[in-house]
Amino acid sequence: APPEWDWRSKGAVTKVKDQGMCGSCWAFSVTGNVEGQWFLKRGTLLSLSEQELLDCDKVDKACLGGLPSNAYSAIKNLGGLETEDDYSYQGHMQACSFSAQKARVYINDSVELSRNEQRLAAWLAKRGPISVAINAFGMQFYRRGIAHPLRPLCSPWLIDHAVLLVGYGNRSATPFWAIKNSWGTDWGEEGYYYLYRGSGVCGVNTMASSAVVN
Amino acid sequence: PAPAQPRAVVARAWRPLDPELLGAARFALKMYNQGRAAGAQAVLGAVQGRVRREGQGSLYTLEATLEEPQCHEPTVCQLPVSRKTLLCSFQVLDELGKHMLLRRDCGPVETRVTDDGNETLKYVLPGLGRNSLSQDFSVKMASIFQKFMHTYNRTYESKEEAEWRLSVFASNLMRAQKIQALDRGTAQYGITKFSDLTEEEFRTIYLNPLLQSEPGQKMHMAKSVEDP
């Protein structure tokens with residue numbers, strides 16, 4: 001992996017979104033990944049619809065939570081994702097109103113990624129932002145800087161929040177992951193969370209995945 | 001854990017019962033009684049609660065006493081006769097008039113007759129100690145809270161609700177300090193837009209418990225990235 005990488009500066013990441021009072025982080029994590037994959041394969045950055053997943057992914061549970069792996073299947077089975085403009089976010093479940101004619105992106109498959117953070121970094125630099133799930137310990141009060149909670153406080157087994165890895169690097173010799181969150185820009189560093197990289201902190205390496213666009 | 005304080009301290013900060021809270025409480029009771037025969041259903045006793053609104057959703061946090069019907073058959077009784085009063089905590093989410101019970105936590109409570117002859121519930125809730133704050137500290141905290149409300153455009157429906165949120169806010173500042181002290185990186189923790197939420201509320205509204213509890217679809221492993 002290169003020593004640092006940031007997909008934001010390469011135009012592969014849409015603006016930070018806000019999930020509101022709804023446990024829909026899984027949908028934001030997945031659309032962020034598909035946005036990146038589509039940009040890398042087709043050269044166009046489109047902001048994609050989370051609401052489509054809330055309404056039409058019947059395996060997941062909308063605001064009560066969901067899993068990225070199920071969401072990829074739903075996108076594949078539905079026939080793609082509409083854009084944010086065409087199917088805008090409401091923050092609560094509605095009747096599914098997906099229209100195949102309005103779908104602007106599709107995916108062919110999804111893959112699980114390595115648990116080795118060095119390999120994850122290499123994958124990210126070459127192939128794009130990665131959907132991951134983490135233990136959200138301390139995030140309620142996070143403001144800035146690189147978080148590195150003690151392992152017993154932030155167990156990799158208690159995963160409860162899905163986010164998007166968009167880059168990595170070092171700040172004053174401290175390695176970090178740059179993480180796009182979905183709690184608006186008035187949280188963290190303009191909506192981003194920085195987490196220590198290299199020791200599986202908060203389970204960042206346990207549930208990494210990506211869509212595949214051929 | 002925060003020091004235990006008499007629940008009455010907190011209860012005063014809660015909203016008195018209004019039809020909206022009662023509606024949520026009745027929904028929680030309906031869920032509680034689901035599957036029970038008519039004669040075996042619990043009934044609502046005292047109810048208190050608070051509501052947090054955002055967008056088109058309202059989250060009700062309720063405390064209620066439920067009276068279980070007298071049980072005459074010992075082999076099927078869930079509770080001994082002397083413990084027929086339950087204290088329940090409920091969280092009910094209302095989105096566009098559709099209710100959802102997010103949390104239900106009930107346990108028996110001891111009741112006893114006090115000197116004035118009224119039946120009073122004796123129980124405790126971990127929370128911020130009223131006496132643990134000096135007056136000076138309280139004033140400073142209130143000022144910081146005002147700033148928080150201004151920054152994040154927060155309004156509360158009543159003075160009682162605001163007082164309750166202030167106590168949550170103060171407790172959260174202490175939690176943030178502890179997290180700060182235990183962090184090994186360069187992160188700074190402190191006041192955020194979620195600082196007026198209890199940990200439970202934050203988890204319920206914003207996090208995703210399914211990530212650790214459900215297996216999900218099987219995916220195949222990605223090929224490693226080759227050396228360019």
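Chain letters run A, B, ... following the sequence lines, proteins first, then strands; residues in each count from 1. Note that the coordinates shown come from a computational prediction; the quantities given were computed from them, not determined experimentally.
- Remark: the backbone N or O of B:Thr192 is not paired with any side-chain donor or acceptor of A:Arg143 at under 3.5 angstrom.
- In this structure, chain B has a heavy atom under 4.5 Å from the side chain of A:Cys25, while its backbone stays farther away.
- Residue contact with chain A, scored on non-hydrogen atoms closer than 4.5 Å, involves the backbone of B:Lys223 exclusively.
- Residue contact with chain A, scored on non-hydrogen atoms closer than 4.5 Å, involves the backbone and the side chain of B:Leu197 alike.
- The nearest pair of heavy atoms linking A:Pro68 to B:Leu211 is CD-CD2, 3.9 Å.
- At a heavy-atom cut-off of under 4.5 Å, chain B is reached by A:Lys61, A:Cys63, A:Leu64, A:Gly65, A:Gly66 from residues 55-66 of chain A, listed in order of number.
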For A:Val111 and B:Met219, what are the C-alpha separation, side-chain angles and deciding distance, and is it a side chain to side chain contact (heavy atoms under 4.5 Å, CB included)?
CA-CA 5 Å; A:Val111 283; B:Met219 293 184 286; 5.7 Å; no
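- Of the inter-residue distances, the one linking B:Ser58 atom OG with A:Met21 atom CE reads 7.0 Å to the nearest 0.5 angstrom.
- Chain A forms more heavy-atom pairs under 4.5 Å with one residue of B:Asn172, B:Ile179, B:Leu59 than with any other, namely B:Asn172.
- For B:Phe202, the part lying under 4.5 angstrom from a heavy atom of chain A is the side chain only.
- Applying a 4.5 Å heavy-atom cutoff, the residues of residues 131-138 of chain A that approach chain B are A:Ala133, A:Ala136, A:Phe137, A:Gly138.
- Here the closest non-hydrogen pair linking A:Ser110 and B:His220 is O-NE2, 4.0 Å.
- The contact between A:Tyr142 and chain B is made by backbone and side chain atoms together, counting heavy-atom distances below 4.5 Å.
- Within a 6.0 Å sphere centred on CD of A:Glu4, heavy atoms belonging to other residues, nucleotides or ligands number 12 at most.
- No other option in B:Lys98, B:Arg184, B:Arg52 has as many heavy-atom pairs under 4.5 Å with chain A as B:Arg184.
- Proximity to chain B is limited to the side chain of A:Ser73, based on heavy atoms less than 4.5 angstrom apart.
- Other residues, nucleotides and ligands contribute only 12 or fewer heavy atoms inside 6.0 Å of the CZ atom of B:Arg26.
- In the displayed structure, B:Arg203 atom CZ is contacted under 6.0 Å by at most 12 heavy atoms of other residues, nucleotides or ligands.
- A pairwise comparison of heavy atoms in B:Phe194 and A:Gln140 identifies O-NE2, 3.0 Å as the closest pair.
- In terms of heavy-atom pairs under 4.5 Å with chain B, the best-connected choice from A:Trp183, A:Tyr196, A:Trp187 is A:Trp183.
- With a threshold of 4.5 angstrom between heavy atoms, A:Tyr72 approaches chain B through side-chain atoms but not through N, CA, C or O.
- Of residues 147-171 of chain A, those residues lying under 4.5 Å from chain B by any heavy-atom pair are A:Ala147, A:His148, A:Pro149, A:Leu150, A:Leu153, A:Trp157, A:Leu158, A:Ile159, A:Asp160, A:His161, A:Ala162.
- Of the listed residues (A:Met93, A:His92, A:Gln19), the greatest number of heavy-atom pairs within a distance under 4.5 Å of chain B belongs to A:His92.
- Annotation: the span from A:Ser69 atom OG to B:Lys218 atom NZ amounts to 9.5 Å, rounded to 0.5 Å.
- Atom CZ of A:Arg119 has 12 or fewer heavy atoms from other residues, nucleotides or ligands within 6.0 Å.
- Residues that satisfy the ring pair (Phe, Tyr, Trp, His ring centres under 6.0 Å) test with B:Tyr189, not counting sequence neighbours, are absent from this structure.
- Taking CD of B:Gln217 as the reference point, atom CD of A:Glu112 lies at 12.5 Å (rounded to 0.5 Å).
- Contact of A:Asp109 with chain B is made through the side chain alone, with heavy-atom distances under 4.5 Å.
- Of all heavy-atom pairs spanning A:Asp186 and B:Lys193, the tightest one is OD1-NZ, 2.8 Å.
- A donor-acceptor distance shorter than 3.5 angstrom exists from the side chain of B:Thr186 to the backbone of A:Ile146, with no hydrogens or angles considered.
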